[in-house]
Amino acid sequence: RLPETWPDTSALMLKLARPLELQGYRREWMDLLLRGVDIARTLGDLRACVQLQMYIGRLQMLLGHYDKAEQSLRAS
């Protein structure tokens with residue numbers, strides 16, 4: 001069922017990423033984004049993988065994890 005719902009799920013994740021970041025849900029949201037990257041890789045969704053990875057890098061930067069942020073942004 002996941003392959004059928006993934007396009008809508010990934011679109012929702014990408015749409016919510018910025019508002020949740022602005023509301024301060026950075027750590028909590030990062031866990032879901034990491035899971036989303038795993039799913040995107042499994043399903044071969046390169047576009048979603050790259051976009052989610054970029055948000056992860058941004059959140060890591062905002063949390064002061066600069067080395068991790070650089071790794072995430074390079075991975076995207």
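- Contact between Val37 and Cys49 at its shortest, heavy atoms only, is CG1-SG, 3.9 Å.
- Scanning all heavy atoms of the two residues, the minimum distance from Ile56 to Ser72 falls at CG2-OG, 3.7 Å.
- Put simply, NZ on Lys15 and CG on Leu20 are 12.5 Å apart, with the number rounded to the nearest 0.5 Å.
- When all heavy atoms of Ser10 and Asp45 are compared, the closest pair comes out as OG-OD2, 4.2 Å.
- Taking 4.5 Å as the limit, every side-chain heavy atom of Met30 sits out of range of all side-chain heavy atoms of Lys68.
- Nearest approach of Glu4 to Pro7, heavy atoms of both residues: O-CD, 3.7 Å.
- Counting heavy-atom neighbours within 6.0 Å of Asp67 CG, excluding the residue itself, gives a total of 12 or less.
- In terms of hydrophobic clustering, with Ile, Leu, Val, Met, Phe, Trp and Tyr side chains grouped at heavy-atom distances under 4.5 Å, Leu12 and Ile39 are assigned to a common cluster.
- Taking the side chain as every heavy atom from C-beta outward, Gln53 and Val50 never approach each other to under 4.5 Å.
- A distance of 8.0 Å separates CG in Leu33 from CG in Leu14, rounded to the nearest 0.5 Å.
- Note that the CD atom of Gln60 and the CG atom of Leu73 stand 8.0 Å from one another [nearest 0.5 Å].
- The shortest side-chain heavy-atom distance between His65 and Gln71 does not fall under the 4.5 Å cut-off.
- Residues Trp6 and Met13 are in side-chain contact: their nearest non-hydrogen atoms beyond the backbone lie under 4.5 Å apart.
- The environment of CE in Met54 is sparse: at most 12 heavy-atom neighbours from other residues, nucleotides or ligands sit within 6.0 Å.
- Hydrophobic cluster membership differs between Tyr55 and Leu62, with clusters built from Ile, Leu, Val, Met, Phe, Trp and Tyr side chains linked at under 4.5 angstrom.
- In this structure, Trp29 and Glu21 have side chains that are not in contact, with every pair of non-hydrogen atoms separated by 4.5 Å or more.
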